[in-house]
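Structure record follows, encoded as structure tokens.
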There are 2 protein chains.
Amino acid sequence: MGSLEEAIKQKEFKDPYNKLVVNLLFTHSYMVSAQNGILKPFDLSPEQYNVLRILRGQNGVPTTVSSIQDRMLNKMSNASRLVDKLKAKELVERRECPSDRRQVDILITEKGLQILNDLHIHMEGFNNQVINLSEEEVILMNNLLDKLRG
Amino acid sequence: MGSLEEAIKQKEFKDPYNKLVVNLLFTHSYMVSAQNGILKPFDLSPEQYNVLRILRGQNGVPTTVSSIQDRMLNKMSNASRLVDKLKAKELVERRECPSDRRQVDILITEKGLQILNDLHIHMEGFNNQVINLSEEEVILMNNLLDKLRG
DNA sequence: TGATGTTAAATGTATATACACGTATTAGTG
DNA sequence: CACTAATACGTGTATATACATTTAACATCA
């Protein structure tokens, strides 16, 4: 793959900030494509996978749709319809919340936990094959990304 | 915004690689949202904006649709329809290529160049407001992103 | 209490995307 | 030249996304 300039056949960027914007968009596409390759046989989109992991992290404590929305990676996407999709595949369960009937409690099912389990080994390999960085570099990059957002 | 863990209300990640995947997805969403805020009044999507910049970089030399496709940030999107949209807004021009009638030459119009010019000042501010990093950190991050992809 | 406002979730809708497939043109080969 | 393969671009289609609007339930306070 090499440098970004090579990958998208651009001679040079006006300044490093401009390059960073393009670089993040491009690297995102690179990672999502790779992730899709793993998730597709399991019929999951990246955000669906993410929501399942959020629910697993709850350790059986129900979560509302709006709480899922808050924690989703893409703030603009639609948690309600996404949960619908997961429910159709029987990976999550919905329960009307007794204390507030506007809310809906969402729980991951056994089948949902199983699919995450089946995915685990593939995702481990993903890290090694797709992210060509040492652990120190990964930590550094995480710090830079956190700082970037202010 | 602070750390990723805080932003998506996750206690901790299994390992830094896992965090990096999530961090890139999340930061991407953060940047695209901000970029959209600038581009929306101009009725452009981020990838449309990118294609206009590719065409401007050609300095009047026509480019084919497949060359645009190769240089797009999202490799899976559809250059043909995207060019259609830009043509409908009169920001690009299409010409049948005389030497190979399969190909279509694409050129940016005066109106397209003008819109990029109008956008320029907004995008300058974008860098300062949205990317909270020093120039040294930006350069470091670019190098890490280039290395990440191998 | 009831009028008003606020929140949670669902829905409507236009557009974007992923990916397979179709069609026309050129290249290559016996 | 005829035949096959490769290429460039367009189109079809199911799904995803962005964003506005709607509906129902709850909260507040005169």
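First the proteins, then the strands, lettered A, B, ... as listed; each starts at 1. Just so we're clear, the structure is a prediction, and the values are computed from it rather than from any experiment.
Atom CG in Asp43(B) sits roughly 14 Å away from atom C1' in dA18(D) (whole-Å rounding). We find that CD1 of Ile106(A) is positioned 12 Å from C1' of dA8(C), with the value rounded to whole Å. His28(B) has its NE2 atom 13 Å from the C1' atom of dT17(D), to the nearest Å. We find that CG of Leu39(B) is positioned 15 Å from C1' of dA16(C), with the value rounded to whole Å. Rounded to whole angstrom, the span from the CD atom of Gln103(A) across to the P atom of dA27(D) amounts to 10 Å. What separates CD of Gln69(A) from P of dA16(D) is a distance of 15 Å, to the nearest Å. For Glu96(A) and dA8(C), the CD to C1' distance is 12 Å, given to the nearest whole Å. One can place CG of Asp84(A) at 13 Å from P of dA9(C), the figure rounded to the nearest angstrom.
Picking from dT25(C), dT13(D), dC9(D) the nucleotide with the shortest atom distance to the side chain of Val104(B) gives dC9(D). Among the nucleotides dT26(C), dA9(C), dA18(C), the one closest to the side chain of Arg81(B) is dA18(C).
Judged purely by atom type and a 3.5 angstrom limit, Glu137(B) uses its side chain to pair as donor or acceptor with the backbone of Ser134(B). No donor-acceptor pair under 3.5 Å is formed between the side chain of Thr109(B) and the backbone N or O of Glu93(B). Between the side chain of Tyr17(A) and the backbone N or O of Glu124(B) there is no donor-acceptor pair closer than 3.5 Å.
Under the 3.5 Å distance criterion, with hydrogens and angles disregarded, no donor-acceptor pair is assigned to the side chains of Arg56(A) and Asn117(A). The closest side-chain donor-acceptor pair between Gln48(A) and Lys89(A) falls under 3.5 angstrom.
At a cut-off of 3.5 angstrom, counting only N and O atoms as typed in the model, there is no donor on one side facing an acceptor on the other between the side-chain of Asp100(B) and the base of dT7(D). Judged by distance alone with a 3.5 Å cut-off, a donor-acceptor contact links the side chain of Arg102(B) to the base of dT7(D). Checked by distance alone, Asn78(B) brings a side-chain donor or acceptor within 3.5 Å of a matching partner on the base of dT11(D).
Between Ser67(B) and Val32(B), the residue anchored closer to the 5' end of DNA chain D is Ser67(B), taking for each the nucleotide with the nearest heavy atom. When the nearest nucleotides of DNA chain D are assigned to Pro98(A) and Ser45(A) by heavy-atom distance, the more 5′-ward of the two goes with Ser45(A). In terms of position on DNA chain C, the residue among Ser99(B) and Val83(A) whose nearest nucleotide sits closer to the 5' end is Val83(A). Comparing Asp105(A) and Asn36(A) by the nucleotide of DNA chain C whose heavy atom lies nearest to each, the residue mapping closer to the 5' end is Asp105(A).
Under 4.0 angstrom from either OP1 or OP2 of dA8(C) there lies no side-chain N or O belonging to Thr64(A). A sub-4.0 Å separation between OP1 or OP2 of dA16(C) and a side-chain N or O of Lys85(B) is present.
Within the nucleic acid shown, Gln48(B) comes within 4.0 Å of sugar-phosphate atoms alone, with no base atom in reach, counting heavy atoms only.
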